[in-house]
Amino acid sequence: MNTSEPWWSSRCSGALLDSVSLLAEWERDLLEMSVPQTDSNSRSRALQSLSDQTKKLWNVFNTEREKLDRDYMSEESSFLAYLSAFFIPNIERSRHALSSPRAASVLENLLESETLRILDFGAGPLSCSFGFLIALGELATRKKINKIKNIHIIAAERSERAVRIGQKWLEKVLDSKFSIQIERRTSVPKDQLFDVVLAANVLNEIPDKHHFKTLQLLKSSLYAEDSGKKSILLILEPGQDVHSRKLVALRDEALSSLGETHFKIVAPCPHTLECPLSPKMNRSDWCWFRCKFMVPTFQADLDRKSQIDHRELAYSYLLISGSKREETQKPWAICVSDEMPVGDNEGQERRSVYFKSNQVGDKKISDAKIEDLARQGFKTKLCCSSGKLLGAIREKKSEQESYLRGLEVDKSNSFELFIAER
Ligand SMILES: C[S@@+](CC[C@H](N)C(=O)[O-])C[C@H]1O[C@@H](n2cnc3c(N)ncnc32)[C@H](O)[C@@H]1O
C-alpha cells in the first residue's frame, strides 16, 4: 500500500481486511437503519436524522456526561449516533496509536503466531479491534511476514447490538484466508489469556475508584512471558484534559504500586518516572496526541451536517507490554507540544531573562544568542528520558520541518537552547 493513501481507500493487498468494503458496509447499514430506503430523498433524510442524533450524543459526551445512560449503546438513537460520529474516527485513533515505531517493534512479534487471541474490553462495534487489525495488516505488508491463520476475539461489552454489527462487518471484510471467531461476554473472562488486550474509550465510563482494579484485571489477562508469547495492552482515551489526566494518574499509580518490571510501558512515555504532566504538577497543559485524518466521503457528508470536524483526531494512550523483560528502544525524548514561535515582540525582554535563568544543559550559549532566540526562536515541549519536561528552542529555517506532538526526538536534533519547564 502507498503510505500516503489513507487505509480506507485501499483494499490493502497482503493485509488482513478489505477496508474499502468495510466503509461500504458501514455506509449502507447506517443509511438503512436510519430511514427506510423507499424514496429518492431517503439519503438526505437519513443524513439529517443521523446528524440530529449525533448532535445530541456529542453534547452528552462532551458537556453532560453525568446524563449518559449506561446502556446508551443499546438505545437506537445513540447507537446510530455512535456509528455515525465515532466508529470510523476511533478506528483511526487506535490504528494511529499502534503505528508508532515503538508499537510496531512489539506488534511485529504477533505476526509470528498462528493464532491471535484478542480481548476488546468496552468494544462497542469493535472499533479498536478494527484499528488494531488495520495497523497489524499495514505492518505485515511492510515487513512481509504474516503467519497468522486464526483470529479469536472476545468482546467484553454491555451492548450485544453493538458487538453484533461489528461482528457482521468484520466477518464480511476479513480476508477469507483467515478464520475468525468472535464471542461477546458481558465482563472480562477471568480464566483466559490474550495476546492483545484493547480498552478504547471505556475507562472514562468506569468510576475512577475502579480504574486501578480494571487495569490490573486487563493486565492479568495478558499472556505472561514464560508462555513464550509477547503480549500487549492498549488503553486509549479521548484527548481532552480530564481524560488524559486520569490516565496519567493511573499510569503513575500503577508504576508506584506494581513497579516498573511489572508495568512495562512501551509508549508513549520515554521514561518510567512520575509523569511531568501529571495532575499533581498543576500545569495547564496535558499529555495528548493527534493524527491528521483524511476523512472518507460519507463521514465528511455526516460531519458537514452535524458540524463536527474529524480532520484532526486527538487521543491519549498507554501501550503496555505483558513481558517483564521487554526492552523497547526508548527515544531520548518525545514531543508533547507542536513547535510554536516563542511569543510576540512585547514579551521579548522578559522572555530573554526567563530563558537565561532557566537554561539547562552543558552547552555554552552566549547572552546575545539567547536574546536572539527570545525574539525569533521556535519552541517545542519535550518529555525526556530523564523524566524532565524541557522547553527546546531553535532558530527555525523556513525549509525545516516543524516538530509535531508525538514525534520521537533524538538528542542530536538541532535545538540550540533547553530550558526547564515548571
Ligand atoms: C465509548 S464506547 C467505546 C467503544 C469502542 N471501544 C470505541 O473506542 O469506539 C464505550 C463502550 O464501553 C461499554 N462499557 C462501558 N462500561 C462497561 C463495562 N463495565 N463492561 C462492559 N462494557 C462496558 C459501553 O457499552 C460502550 O459500548
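In each ligand, atom 1 is the first atom listed, and ligand 1 is the first ligand listed.
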(request) Taking the side chain as every heavy atom from C-beta outward, state whether Glu92 and Cys291 have any atom pair closer than 4.5 Å. (result) yes

(message) Taking distance alone, with N or O pairs closer than 3.5 Å, would you say Ala200 contacts ligand 1?
(response) yes

(request) Return the residue, atom name and 0.1 Å-rounded distance of the protein heavy atom closest to atom 14 (N) of ligand 1. (result) Val202 CG2, 3.9 Å

(message) Measuring only between side-chain heavy atoms, which start at C-beta, is Arg102 closer than 4.5 Å to Glu408?
(response) yes

(request) Using a strict cut-off of 4.0 Å, indicate which atoms of ligand 1 neighbour a heavy atom of Gly124. (result) 4 (C), 27 (O)

(message) Is the distance from the ring center of Phe415 to that of Tyr403 below 6.0 Å?
(response) yes

(message) Please report whether ligand 1 has a polar contact with Asn90, defined as an N or O pair separated by less than 3.5 Å (distance criterion only).
(response) yes

(message) Can you confirm, on distance only, whether ligand 1 has an N/O atom lying under 3.5 Å from any N/O atom belonging to Asp120?
(response) no

(message) Determine whether the aromatic ring centres of residues Trp169 and Phe87 are separated by less than 6.0 angstrom.
(response) yes

(message) Counting non-hydrogen protein atoms only, what is the nearest one to atom 8 (O) of ligand 1? Give residue, atom name and distance.
(response) Asn201 ND2, 2.9 Å

(request) Starting from atom 27 (O) of ligand 1, locate the nearest protein heavy atom and write down its residue, its atom name and how far away it is, to 0.1 Å. (result) Glu157 OE1, 2.7 Å

(request) Using distance alone, determine whether Tyr82 and ligand 1 share an N or O pair under 3.5 Å. (result) yes

(request) Just need the protein heavy atom nearest to atom 20 (N) of ligand 1, so name the residue and atom and give the distance. (result) Phe121 CE1, 3.7 Å

(request) May I ask whether Cys128 places a heavy atom under 4.0 Å from ligand 1? (result) no

(request) Identify, by atom number and element, the atoms of ligand 1 in contact range of Ala156, meaning under 4.0 Å from any of its heavy atoms. (result) 21 (C), 22 (N)

(message) Quick check on the 6.0 Å ring-centre criterion: do Phe61 and Tyr72 meet it?
(response) yes

(message) Between Gln181 and Ile151, is there a side-chain heavy-atom distance shorter than 4.5 Å?
(response) no

(message) Checking the N or O distance criterion of under 3.5 Å, is ligand 1 in contact with Gly122?
(response) yes

(message) Under 4.0 Å from a heavy atom of Ser127: which atoms of ligand 1 are those, numbered in the order shown and with their elements?
(response) 5 (C), 7 (C), 9 (O)

(request) Check each of Trp26, Phe79, Trp58 against Phe86 using the ring pair (Phe, Tyr, Trp, His ring centres under 6.0 Å) test, and report the only one that passes. (result) Trp58

(request) Would you list the pairs meeting salt bridge (Lys or Arg N to Asp or Glu O under 4.0 Å) in which at least one residue belongs to residues 381-394, sequence neighbours left out? (result) Asp285-Lys381, Glu339-Arg394

(message) Using side-chain heavy atoms (C-beta onward) and a distance below 4.5 Å, is His152 in contact with Leu116?
(response) no

(message) Return the closest protein heavy atom for atom 23 (C) of ligand 1 as residue, atom name and distance.
(response) Arg158 CG, 4.0 Å

(request) Look only at interatomic distance and state if Tyr72 has a nitrogen or oxygen under 3.5 Å from any nitrogen or oxygen of ligand 1. (result) no

(message) Could you check whether any heavy atom of Ala162 sits closer than 4.0 Å to an atom of ligand 1, since that is the contact criterion I want to use?
(response) no

(message) Any heavy-atom pair between the side chains of Arg185 and Gln192 that's under 4.5 Å?
(response) yes

